[in-house]
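Labels below follow one simple rule: chain letters A, B, ... track the order of the sequence lines, proteins then strands, and each chain is numbered from 1.
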There are 2 protein chains.
Amino acid sequence: MEERSKQILSDYKVSITNPRILVLEALLEIKSPITVDELQSKLKNKVAKSTLYRVLNDLKKIDILNEFTSPENTVVVELVLEGDQHHHHLFCSDCGEIIDVELSKNFEDLLDKEIKKIEKKFNFIIQDHRVEMFGQCTDQCENCKK
Amino acid sequence: MEERSKQILSDYKVSITNPRILVLEALLEIKSPITVDELQSKLKNKVAKSTLYRVLNDLKKIDILNEFTSPENTVVVELVLEGDQHHHHLFCSDCGEIIDVELSKNFEDLLDKEIKKIEKKFNFIIQDHRVEMFGQCTDQCENCKK
DNA sequence: AGAATAAATGAGAATTATTCTCATTTTTTT
DNA sequence: AAAAAAATGAGAATAATTCTCATTTATTCT
């Protein structure tokens, strides 16, 4: 993962430093949404907290970090690399798990149409959208391992 | 608005106090998303900050307050009373305005179907969903008054 | 209505998340 | 390899939210 991380940094023309490599490695390894605290402990203090926040802001700036908040308003981040599939999120209020969800192509097309209508109606240019779903996993849920 | 506020508190069986009435009045008056800070200044220190947060939590508990975050992760609240139309949000990154948006009945039906598929696939019970749209108002936008 | 009980409030302290400062270290440029 | 530029770590500063506790206000029970 180290080579991959270096490649990414190089591709986006940001200088290659150890903290950045470590953060990218961690994000590449999990490849699913994670809170800043979880990320911090995954990094085991190999990166200072202030640096972690700075690196996350760097990744946002080059547009490969998606940031949003959980239903409890905790900030959650995930790496989104070019070519990654557009997806949404499903939040379990029981275990706090956040699951990546892809909606059908057909549905996304309809959403795009709906968004075009909204753009006209409100005189907006809309670049991005998010669908968030909230609920609970049932006792068979693999993700929550209940 | 005072009577209306008292009625709401009484309906939901929470005790009728001045801070609660004042917060409800403010939320009823604007009836669109507002940050805690904006709400605080609208209330002109007639309600202590700690009390404001407490009252907001009370309203969440009785399920008439919708809380989410702006793209900059600022908490935003809005009153959602029974019978209010289900709606979503459109965020302008230029002026910060948050606009209530209703999607077509047809689209919501399709979203519900899509959600049913997700429930099956992930063994979830989904109670709620949100569609958020991000963009900029153009120069004719009424809301942003550019 | 009035006393007793329970709940809510205000003020500020405590906590948490994030940003900022600045001296030192690391990376990039030349 | 030296000079210049950028990034880092440690902790201070800031901001948002919750907590504490003495006082006030609302509700309940005669």
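- Listed nucleotides: D/dT27, C/dT27, C/dA17. Nearest to the side chain of A/Asp37: C/dA17.
- Ring geometry for B/Phe68 against B/Phe91 counts as perpendicular: the plane angle is over 60°, on a 0 to 90° scale with 30° as the lower cut.
- Checking each of A/Val80, A/Val14, A/Ile64 against A/Leu59 for a side chain to side chain contact (heavy atoms under 4.5 Å, CB included) leaves exactly one that passes, namely A/Ile64.
- Across the protein-nucleic acid pair, A/Asn18 atom CG and D/dG9 atom P stand 8 Å apart, rounded to whole Å.
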Test side chain to side chain donor-acceptor pair (under 3.5 Å) on B/Thr74 and B/Thr35 and set out the steps. CA-CA 7 Å; B/Thr74 308; B/Thr35 66; over 6 Å; no
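- Within the 4.0 angstrom heavy-atom criterion, base atoms lie near A/Arg54.
- Across C/dT18, D/dT8, D/dA7, the shortest atom-to-atom separation from the side chain of A/Val36 is found for C/dT18.
- Rounded to whole Å, atom P of D/dA16 lies 7 Å from atom NZ of B/Lys49.
- Picking from D/dT8, D/dT18, C/dT19 the nucleotide with the shortest atom distance to the side chain of A/Thr17 gives D/dT8.
- In this structure, B/Gln40 places its CD atom 12 Å from C1' of D/dT17, rounding to the nearest Å.
- Counting any heavy atom pair closer than 4.0 Å across all strands shown, B/Thr51 reaches a base atom.
- Here D/dA7 presents its P atom at 11 Å from CG of A/Leu9, a figure rounded to the nearest Å.
- The distance between atom CG of A/Asn57 and atom C1' of C/dC20, rounded to the nearest whole Å, is 12 Å.
- For A/His129 and A/His86, the distance between ring centers is under 6.0 angstrom.
- Heavy-atom distances to DNA chain C give each of A/Lys60 and B/Asp58 a nearest nucleotide, and the one nearer the 5′ end belongs to B/Asp58.
- For B/Tyr53, the listed nucleotide lying nearest its side chain is D/dA16; candidates were C/dG10, D/dA26, D/dA16.
- For B/Ser50 against C/dA11, a side-chain N or O and a base N or O form a donor-acceptor pair under 3.5 Å.
- Atom NZ in A/Lys46 sits roughly 16 Å away from atom C1' in D/dG9 (whole-Å rounding).
- Salt bridge absent: A/Lys42 and A/Glu38 never bring a charged side-chain N and a carboxylate O closer than 4.0 Å.
- Taking atom CG of A/Asn73 as the reference point, atom C1' of C/dT16 lies 13 Å away to the nearest angstrom.
- As rounded to whole Å, 18 Å separates atom P of C/dT16 from atom CG of A/Leu52.
- For C/dT27, the paired base is D/dA4 (Watson-Crick or G-U wobble, both distances below 3.5 Å).
- Picking from C/dT18, D/dT17, D/dT8 the nucleotide with the shortest atom distance to the side chain of A/Val75 gives C/dT18.
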